[in-house]
Amino acid sequence: MADILGEISENLQNGKAKVVVELVGRALSEGISAQKILDDGLLAGMGIIGGKFKANEVFVPEVLVAARAMNKGAEVLKPVLAAEGVSAKGKAVIGTVKGDLHDIGKNLVKMMMEGRGIETIDLGVDVPSTRFLEAAKEHGVSLICCSALLTTTMGEIKTVVNVIKASDIAGKVKVMIGGAPVTQAFCDQIGADGYAPDAASAAETAETFI
Ligand code: B1M
């Protein structure tokens with residue numbers, strides 16, 4: 001059993017989506033539970049890639065292909081997991097703030113969070129503060145993730161934090177922030193709940209909030 005799960009992890013790290021899909025199907029037909037395949041195959045591989053990304057041992061393209069393989073493998077497991085009654089660890093919404101169209105980093109954060117079993121609803125780019133609030137209520141999430149890449153749009157994160165603080169979900173939802181110009185000092189200054197400098201740390205931090 002360990003062998004096929006190890007193979008899934010390895011092929012995922014190498015971005016071999018087709019092979020991952022095939023191996024996940026084979027593991028299911030061998031009677032391995034979907035949860036075990038997810039934890040010890042897919043998530044294990046994504047965790048290794050996350051660690052290597054953090055240590056600058058692999059870069060954006062490798063993470064993107066690994067995440068694609070992860071998503072393809074997870075698609076095979078989804079109906080089985082639903083039938084086994086396994087639900088996601090928790091839910092979050094993510095978006096790039098109003099006025100900002102950069103989404104490569106945000107997409108990586110989303111993929112890493114999904115790689116940790118967090119269902120992540122993507123609001124896209126140029127997201128107004130009120131949309132973050134609406135979506136958080138609509139999906140009943142416990143975490144809002146805001147990305148900003150421009151010094152001119154960083155201030156929008158503060159607007160999101162203020163909108164949430166003034167809403168009826170204040171205290172029930174955490175706000176995590178990040179993006180190239182964003183720092184821990186900025187996070188403290190605007191009263192956000194958490195900051196992460198990169199996608200792998202963002203997924204780790206998100207897990208503590210979920
Ligand atoms: Co733009 N851009 N851009 N750009 N762009 C930057 C950000 C810039 C630094 C380039 C420069 O001048 N040196 C500069 C900002 C300067 C500043 O504000 N001080 C800039 C500018 C000025 C602009 C325009 C204004 C240019 C113009 O039109 N005159 C314009 C603005 C458009 C807008 O948004 N309204 C613009 C447009 C664009 C493109 C559309 C061409 C394109 C974006 C394409 C896309 O995203 N789909 C683009 C790009 C690609 C860049 C650079 C080259 C690369 C950004 C990137 O994707 N990095 C960038 C220069 C650079 O950074 N070298 C630049 C890779 C990505 C993986 O990193 O997004 O930082 P990053 O994400 C990291 C972390 O920050 C963190 O995790 C990620 C992975 O580790 N992270 C989070 C991100 N979000 C997080 C959220 C979290 C936690 C961590 O929690 C929720």
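Just so we're clear, the structure is a prediction, and the values are computed from it rather than from any experiment. In listed order, ligands and their atoms are each counted from 1.
For atom 48 (C) of ligand 1, the nearest protein heavy atom lies under 4.0 Å away. Not a single protein heavy atom sits closer than 4.0 Å to atom 54 (C) of ligand 1.
Side chains of Val125 and Asp100 form no contact here, defined as non-hydrogen atoms less than 4.5 Å apart. Contact annotation: the side chain of Lys91 approaches that of Ile121 to within less than 4.5 Å [non-hydrogen atoms, C-beta and beyond]. Side-chain contact between Lys16 and Val65 is absent, with no heavy atoms from C-beta onward closer than 4.5 Å.
Taking distances strictly below 2.8 Å, the protein N/O/S atoms close to atom 1 (Co) of ligand 1 are His102 NE2.
When Gly105, Ser201, Ala196 are ranked by how near their heavy atoms come to atom 89 (C) of ligand 1, first place goes to Ala196. Nearest-residue assignment for atom 70 (O) of ligand 1 (options Ala180, Ala203, Ala202; heavy-atom criterion): Ala180. Between Gly178, Gly99, Pro181, it is Gly178 that holds the heavy atom closest to atom 86 (C) of ligand 1.
At least one heavy atom of Pro197 sits under 4.0 Å from some atom of ligand 1. Residue contacts with ligand 1 include Cys146, since one or more of its heavy atoms lies under 4.0 Å from the ligand. Residue contacts with ligand 1 leave out Tyr195, since none of its heavy atoms falls under 4.0 Å from the ligand.
Other residues, nucleotides and ligands place no more than 12 heavy atoms under 6.0 Å from the CD atom of Glu10.
Within the listing of ligand 1, atoms 75 (O), 81 (N), 82 (C), 83 (C), 84 (N), 85 (C) sit less than 4.0 angstrom from a heavy atom of Gly179. Per-residue contacts place Asp100 under 4.0 angstrom from the following atoms of ligand 1 (heavy atoms of the residue considered): 34 (O). Contact atoms of ligand 1 toward Cys145: 91 (C) (distance under 4.0 Å to a heavy atom of the residue). Remark: ligand 1 atoms within the under-4.0 Å shell around heavy atoms of Ala199 are 77 (O), 79 (C), 80 (O). Close approach of ligand 1 to Ile177 is summarised as follows: ligand atoms under 4.0 Å from at least one heavy atom of the residue are 87 (C), 88 (C), 90 (O), 91 (C). Below 4.0 Å from some heavy atom of Asp198 lie the following atoms of ligand 1, by number and element: 76 (C), 77 (O), 80 (O).
Contacts between Ile104 and ligand 1, counted as non-hydrogen atom pairs separated by less than 4.0 Å, involve both the backbone and the side chain.
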